[in-house]
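Written out below as structure tokens is the structure these notes cover.
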Amino acid sequence: MHDDWRHAFYIGILPLLLGVLALFILSESGSWKETKASNTPTRSPEFFPSLVKGSAIFGSMLIGLWGIFSWVASWVQDFFPVGEVNGRDGIAMMLLGAGGITGGFISGWISDSLGVRRSMMICFSGCLVMSFLLFGMNSTFSNIIFAELALLALFFGISQGLLSIYIPQLFPYQIRGTYTGICFNVGRIVTTFAVFFVAVIKDAAGSYSNALLLFSGIFIIGFIAVYFTNTENASYKSS
């Protein structure tokens, strides 16, 4: 049928149903209820530095992720004469997607084992190292690229699960929803424009490899921001 592709989007109903189910089977944490009951006044301006750091952390990962995701197919095609890529670009995209899903699925266990802050630092470090190996060390195409892409995607996926835990911890419950939303959406807005600069950098740097290697330097900003942001010692948590 000509509209069979639409059926794939019906899967989007599942998260909606799970969200409704969560309302009935999940309960709020005891610490959250205790904090809410105390009704301690919160001065929003004092959390502005955390807002900046949170936006930098989320934004740097998202910019790096989508910059690579949007242009990796073109990068793969650059290795081959026209018409000889033989689906390798599609395989690269599938590996990024599959690795991302797998990383998101295991992110909770990793956070529980290592702590969310340490896990975030490992993700930024992993993304930086894998980007260097991919775009800085591969002068010809080989199957090792698929393994490197899958590992990079795994770090991407883990980070997306962790960010949903880490960013809200920067703020007390009174402003958590608003400030977390700002951190997330500032990153998304900046990412919308930033990914187009890969093409500009490519023209200046001479290749997609050089462009993506330079672009992946954004992960350094995220690592530094996480290093100087320790939610475990947040003053409002001890108040």
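Only heavy atoms go into these numbers, but all of them, side chains included; no hydrogens, no water, no symmetry mates. Starting from 1, each residue takes its place in the sequence as its number.
- Within the model, atoms CD1 of I145 and CG of L133 stand 11.0 Å from one another, a figure rounded to the nearest 0.5 Å.
- Heavy atoms only, all atoms of each residue included: G67 and F215 are closest at CA-CE2, 3.7 Å.
- Here the CZ-SG distance, from F155 to C127, works out to 7.0 Å after rounding to the nearest 0.5 Å.
- Residues that satisfy the ring pair (Phe, Tyr, Trp, His ring centres under 6.0 Å) test with F146, not counting sequence neighbours, are F141.
- A donor-acceptor contact shorter than 3.5 Å links the side chain of R117 to the backbone of Y227.
- The CG atom of L95 lies 11.5 Å from the CG atom of L151; values are rounded to the nearest 0.5 Å.
- What you find for A205 and L214 is that their closest heavy atoms are CB-CD1, 4.3 Å.
- Nearest heavy-atom pair, L163 versus F58, reported as atom, atom and distance to 0.1 Å: CD1-CD1, 3.7 Å.
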Practice problem: Evaluate side-chain contact (heavy atoms from CB on, under 4.5 Å) for V72 paired with W75, printing each intermediate quantity in order. | Solution: CA-CA 5 Å; V72 74; W75 172 71; 3.7 Å; yes
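- To the nearest 0.5 angstrom, S60 atom OG is 3.5 Å from F124 atom CZ.
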Quiz item: Would W71 and K202 count as a side-chain contact (heavy atoms from CB on, under 4.5 Å) if you check the C-alpha gap in whole Å, the side-chain angles of each, and the deciding distance to 0.1 Å?
Solution: CA-CA 10 Å; W71 294 96; K202 185 256 184 183; over 6 Å; no
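- The two atoms that bring S142 and I144 nearest to each other are OG-CG2, 2.9 Å, heavy atoms only.
- For L213 against G136, the heavy-atom pair with the smallest separation is CD2-CA, 4.0 Å.
- Looking at N138, its side chain does come within 3.5 Å of a backbone N or O of L134 through a donor-acceptor pair.
- The SG atom of C183 lies 12.5 Å from the CG atom of L62; values are rounded to the nearest 0.5 Å.
- Residues forming a ring pair (Phe, Tyr, Trp, His ring centres under 6.0 Å) with F105 (at least two apart in sequence, or on another chain): W109.
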Practice problem: Report the C-alpha distance between S131 and L152 in whole Å, list the side-chain angles of each, state the deciding distance to 0.1 Å, and finish with yes or no for side-chain contact (heavy atoms from CB on, under 4.5 Å). | Solution: CA-CA 7 Å; S131 295; L152 174 61; 4.1 Å; yes
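- Using bins of under 30°, 30° to 60° and over 60° for the plane-to-plane angle, the ring pair F47/F171 lands in the perpendicular bin.
- Summarising the geometry, atom CD1 belonging to I224 is positioned 11.5 Å from atom CD1 belonging to I57; distances are rounded to the nearest 0.5 Å.
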